Amino acid sequence: MRGSMKRKKSRGGGRGPEPLMRVEDRTLRIRVPEELDHHSAALICAQADELVKTRDIREIVFDFSGTVFCDSSGIGMLMGRYKIMQALGGQVRAVQVRDRVERILLLSGVMKVIPVERMQGGKEE
Amino acid sequence: MKNEMRLEFDSISANEAFARVTVAAFMTQMNPSMEEVADVKTAVSEAVTNAIIHGYGGEVHKILIAGEIDGEWLRLEVRDQGVGIPDVEKAMEPLYTTRPELDRSGMGFLFMEAFMDEVKVESEPGKGTAVIMKKRIRQQEE
């Protein structure tokens, strides 16, 4: 496992495969990587769960604007965080979701419990 | 057109992306649509992830992908020599997972079946598992 837990602040143009996490009040914003699979989901879950514990988070917002690939591990990630937030009386949202990812979310049924916002402006690609 | 390839790699999660991107590159000669490529990448990712998590339980061993293009059909076989699946039918049920503690959604086979035309699983406890998937690629006109 690589990646540091301390990347709370967005450092200008912080590129790279690591997900970027930002805490504002009790909201955790997670920039989901370009490809969300078992490998990247495991990294996100470990970091997010640590922040939820230490920063008293009540809302997790997954920003999918940069995500073009997602498989069932992404669904597991969302459902797992949903269960954690539900136990804390919080919520989970997915925003800026592109067509392909939306198809996966639809197929999984996860949209029945987690609010999903499509990418705005139709700027696919 | 007939073409075959074999790909062998370690069962570490970083190789999930490697496997699906390599298979995507192999199928480009079939002139697939973007959607067909995305479908195959998702299915490969699911099968390889299953081999890593369930087949080998996190231990590092080899995963083999055999790919075959035969006309408009793409055939992929993802094989591990891990623990095997005692009840394949049960394992393929949507939402069924043996590892809920690992945030598994139980939707891996559901996605493979949704995105491929045919999915077959051959498994023997103690010997390993092979997932054989086929998809018809409707070749795009240039």
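A note on names: the letters A, B, ... follow the listed sequences, proteins ahead of strands, and every chain is numbered from 1. Computed from a predicted structure; not experimentally measured.
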Do the side chains of [X] and [Y] join up, straight or via other hydrophobic residues, at under 4.5 Å, putting them in one cluster?
X: A/V101; Y: A/V68; result: no
X: A/F64; Y: A/Y82; result: yes
X: A/L36; Y: A/V110; result: yes
X: A/I84; Y: A/L28; result: yes
X: A/M111; Y: A/I114; result: yes

Using a heavy-atom distance cut-off of less than 4.5 Å, which residues of [range] contact chain A?
range: residues 99-112 of chain B; value: B/D103, B/R104, B/S105, B/M107, B/G108, B/L110, B/F111
range: residues 11-21 of chain B; value: B/S13, B/A14, B/E16, B/A17, B/R20
range: residues 52-80 of chain B; value: B/I52, B/I53

Inset, instruction - Taking atom CD of A/Q91 as the centre, report whether more than 12 heavy atoms of other residues, nucleotides or ligands fall under 6.0 Å from it. - result: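 For A/Q91, atom CD is crowded (more than 12 foreign heavy atoms under 6.0 Å).
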Inset, instruction - Indicate yes or no for a side-chain donor-acceptor contact from B/E46 to the backbone of A/D71 under 3.5 Å, with no hydrogens or angles considered. - result: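 Not at all, since once roles are kept as given, no pair shorter than 3.5 Å links the two residues.
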Inset, instruction - Pick one of side chain, backbone, both or neither for A/M79, based on which atoms fall under 4.5 Å of a heavy atom in chain B. - result: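 Contact with chain B involves no heavy atom of A/M79 at all.
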Inset, instruction - Measure A/I104 against the heavy atoms of chain B and call it side chain, backbone, both or neither at under 4.5 Å. - result: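 Contact with chain B: backbone and side chain both.
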Inset, instruction - Would you mind checking which part of B/N50 comes under 4.5 Å of any heavy atom in chain A, side chain (CB onward), backbone (N, CA, C, O), both or neither? - result: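 Looking at B/N50, nothing touches chain A.
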Inset, instruction - Pick one of side chain, backbone, both or neither for B/S45, based on which atoms fall under 4.5 Å of a heavy atom in chain A. - result: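 For B/S45, the contact with chain A is made by backbone and side chain together.
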Inset, instruction - Using a strict cut-off of less than 4.0 Å between a Lys/Arg side-chain nitrogen and an Asp/Glu carboxylate oxygen, indicate whether A/D37 and B/K41 qualify as a salt bridge. - result: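 Salt bridge absent between A/D37 and B/K41.
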Inset, instruction - Measure across A/C70 and B/T42 and return the closest heavy-atom pair with its distance rounded to 0.1 Å. - result: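 Between these two residues, the closest heavy atoms are O-CG2, 4.2 Å.
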Distance-only donor-acceptor pairs under 3.5 Å for side chains of residues 85-95 of chain B, two or more places apart:
unit_1: B/D87; atom_1: OD1; unit_2: B/E89; atom_2: N; d: 3.3
unit_1: B/D87; atom_1: OD1; unit_2: B/K90; atom_2: N; d: 3.2

